[in-house]
4 protein chains.
Amino acid sequence: MYRKVKKRIFEIIQAGKDGDIISKIFDFFIVFLILINVVTIIIETFDITPREKMIIKNIELVSVIIFTFEYIFRVWTSDLLYPELSRLKAFLKYVFSFMALIDLFAILPFYVPLLIPIDLRVLRLLRVLRLFRLLKFNRYTSAFGVIAEVFKRKSAQLISSVVVVGLLMIISSVLMYNVEHPVQPDIFKNAFSGLWWSVATFTTVGYGDIYPVTALGKVLSSVIALLGIGLVAVPTGIISAGFIELTEARKNNDKKEFCPYCGHKLD
Amino acid sequence: MYRKVKKRIFEIIQAGKDGDIISKIFDFFIVFLILINVVTIIIETFDITPREKMIIKNIELVSVIIFTFEYIFRVWTSDLLYPELSRLKAFLKYVFSFMALIDLFAILPFYVPLLIPIDLRVLRLLRVLRLFRLLKFNRYTSAFGVIAEVFKRKSAQLISSVVVVGLLMIISSVLMYNVEHPVQPDIFKNAFSGLWWSVATFTTVGYGDIYPVTALGKVLSSVIALLGIGLVAVPTGIISAGFIELTEARKNNDKKEFCPYCGHKLD
Amino acid sequence: MYRKVKKRIFEIIQAGKDGDIISKIFDFFIVFLILINVVTIIIETFDITPREKMIIKNIELVSVIIFTFEYIFRVWTSDLLYPELSRLKAFLKYVFSFMALIDLFAILPFYVPLLIPIDLRVLRLLRVLRLFRLLKFNRYTSAFGVIAEVFKRKSAQLISSVVVVGLLMIISSVLMYNVEHPVQPDIFKNAFSGLWWSVATFTTVGYGDIYPVTALGKVLSSVIALLGIGLVAVPTGIISAGFIELTEARKNNDKKEFCPYCGHKLD
Amino acid sequence: MYRKVKKRIFEIIQAGKDGDIISKIFDFFIVFLILINVVTIIIETFDITPREKMIIKNIELVSVIIFTFEYIFRVWTSDLLYPELSRLKAFLKYVFSFMALIDLFAILPFYVPLLIPIDLRVLRLLRVLRLFRLLKFNRYTSAFGVIAEVFKRKSAQLISSVVVVGLLMIISSVLMYNVEHPVQPDIFKNAFSGLWWSVATFTTVGYGDIYPVTALGKVLSSVIALLGIGLVAVPTGIISAGFIELTEARKNNDKKEFCPYCGHKLD
């Protein structure tokens, strides 16, 4: 009986299978609650009356209670999620998973102040991270899978290009600081200002709050901006190649038995 | 006789076949009229004399009358456009199609005020949307078809990446608001300001009207700007792969009979 | 004798074959002269003394005389450039070619004022366009050929995407003008201001001189900026596919006789 | 004995093989020292007390001494790095290699002032360039190799597109200067201001410190900004094709023995 109830609860709180209406309703309800919470966080940033503040507070209270029960149930059923592991290992693996940590930090700020007088209200913001749960919850899961696999396959090359860009950013920011600081001491205050300029230029955002005014600085900035084109071109090229190779690989998996061109049986 | 006239009108108002001179002239005339109307809408934004205003008003009046007849004819012949449907279904399908709705909204603002005293002049702007008709009307239709098919094939992956970007935008805007609001309360007024910053940074537009000034805000902004590179790289990779796969697929369709590699007859 | 001299002059002024030292020297000399002229145009924009101005003027005078002779010789030998055409046709074809027109406009501003009192000094700037001659004149000609062929093969698709972007720009600029003009009449003066905003946003340049301040305008701007990502992604995808197809096509041209995979003779 | 010691030192200072613990420790130590030096260069840009300055100076002194010994050892063992060359050639090849020159410039500023009274402190910044040593020193070396090979294979095409962009920049900057100088003489001071605008527009950085205000200037700027899209699209396309071709080429190298399609033995 106990095991049956536990298994049923597990089925409900996990992403629902086709036909399991109750599980689907639960999923929708939780996602709806997450969205409501994001909306209240957004509304709170506007000028609101005390009465509206009261309503939002109550919504948050109810949400936290529900999220708490959800979290407890997820932890409780973690051994069913990883049936191949021992109870303790499954528990630890789940509790320290990225999604579970977000779930915990989303409810913690309401309980900690009851024990110790510390203001953790800012952690409430972590509830917006629960939005990532939506990714699991739509009909594009397989498309996500393809994108994720491309990133995984090409991770070494992508990390390599990020490392090169990181080095160029550090080097250019130090050089730029030394070139511009004497002329604009208030804008290029220290190497961090240089790094901020470097990011804005490499990514071609160019807010316009910081830019070189000396001739040498402009030359350096031009070089960095042009290299910034490579910052787009190289990962794009890597990712393009990844998508095409993946399609090839899948096609080849489908054609193991016969030559796809002339139909001769493959040995 | 009635059916013959109706069929001829249908032929004329639809994009003309080769050799059907009258239909071609009609098409050019309507496109010319749309362009004239767009030009008048643009001219009206400049300082013009009352006399020029009068001329524009007359041009618009004539255009609306012609567009009205065109619309009536299109609705009337909708059963010829969808011969496989019943008269009513064809009528409904056409009337609620995207292009027909634009056509209706382009002429409605001139008739509604005659019945009820309401100012719909702003809806006149919808006439610029009729410019999309030009897409149907050029020798690049097949090239458009290729681009459209790539988007259709890859829609799931493209939507997935848009969803991820959307989530990142909401999350980063809420975080940024909370980081920057205390320091720049007039710039980061509420979560919508954060969203506006988020769009400007992700897309690397960077107008410069809103940007972080705190160290934490700059770090967050740098992360978002660098992720913004992915915003370009991922859809570009998807679309590249789409174009290449489509070319492959078409080539394969052309080579059904013989193996292009060794010439063996295909079974 | 006359034909021989003409033929020799033709060989010299055309891009030199390997081993033809005089032709190579001539090519280098002309490119050097073009570069010198571009440098003088750049120097003239700085504050310079009357003496320096004098030197520049003399350099320009000598250059124009040499360019004039070069132009005359090119026109004179145009029948050798297009031996399959009649003399007159070859003459007309050359004189109205893009490069010849640039060459003419580069020297004309010095002769016209001698006949009629009109200031054509501004046309001198066209001499910078002669820099395009450098494209013909380097060891990367075949690489240029590849890029050019990709653009040619994919021209229909590229033009299609440009047409769509053009329509979106016109439509968004008219809408934006109507949204923002009432609030910022000095910034969004007329539909052209809207178009200027539209270009800055679509291309993600975002100078920061013009941007929406109303909520509706910001929403519209966000949509345009996100569509602007497509402005990069679509042509990049098209061009990527073009490069890959071209490589494939060239590979296939090389393997007409034998199956490249198993070496069996193709029937 | 001497040769054995020399060989051992060579093994230690070169990137360590698996299992050579001492060499690995040395590599880590040098990289650690480079990072420390970059951090001190960054810290020096902030307001620091004389005592902190003293500490940094000592760290730098120790680093330079170690870097000097490293440099001497590297020069000394250069004949082992290029065993196929004569001693002198190996020495010259190493000393004038890019990495060795950076290493030299990183230590020189500390020795030159001892001989002649000249302030070379600014050259110390070159020590950040030693960060490039990190590239050799990670588990992604093969991924770097792939990226580097793509750039090498496609260098002709990439250089071609850079040349075209360079020409367009020079031409547009001269034209823009002449269009905007009369209206904004303080912003578009000379052709270099035009070039600075040209870079900001082509790369879509758009800081907002310089932009056209005349109608003609805005038209020219729009054209340049739209061509700037091509600045991203063309190299991205080239690099995408490069990555895909490289994967193809490697796959083909792996399948020399049997036709992967029909299994026929390859001759």
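For the numbers below, each heavy atom of this structure counts, side chains included, while hydrogens, waters and symmetry mates do not. A note on names: the letters A, B, ... follow the listed sequences, proteins ahead of strands, and every chain is numbered from 1.
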Interface moiety of V234(D) toward chain A, non-hydrogen atoms closer than 4.5 Å: neither
Check: Y207(D) and I210(A) side chains under 4.5 Å, non-hydrogen atoms: no
Under 4.5 Å from any heavy atom of chain A - which part of I147(D): side chain
Distance-only donor-acceptor check, side chains Y211(A) and W196(D), under 3.5 Å: no
Non-hydrogen side-chain atoms of Q157(A) and F243(D) separated by less than 4.5 Å: yes
Pairwise distance CD1(I41(D)) to CG(N178(A)) - rounded to 0.5 angstrom: 8.0 Å
Contact leader toward chain D among A200(A), S161(A), P212(A), A215(A), where contacts are heavy-atom pairs under 4.5 Å: P212(A)
For I239(D) against G237(A), the heavy-atom pair lying closest together: CG2-CA, 4.3 Å
Ring geometry between F192(A) and F46(D) (parallel below 30°, tilted from 30 to 60°, perpendicular above 60°): perpendicular
Nearest heavy-atom neighbours spanning P235(D) and I229(A): CG-CG2, 4.4 Å
Main-chain N/O of A191(A) paired to T45(D) side chain as donor or acceptor, under 3.5 Å: yes
Side chain / backbone / both / neither for I171(A) at chain D, heavy atoms under 4.5 Å: both
Nearest-0.5 Å distance that lies between atom OG in S240(D) and atom CD1 in I238(A): 9.5 Å
Proximity breakdown for V205(D) and chain A, heavy-atom pairs closer than 4.5 Å: both
Interchain contact, I42(D) with chain A, by part (heavy-atom threshold 4.5 Å): both
Worked verdict on L226(A) versus M169(D) for side-chain contact (heavy atoms from CB on, under 4.5 Å): CA-CA 12 Å; L226(A) 288 167; M169(D) 276 188 181; 3.8 Å; yes
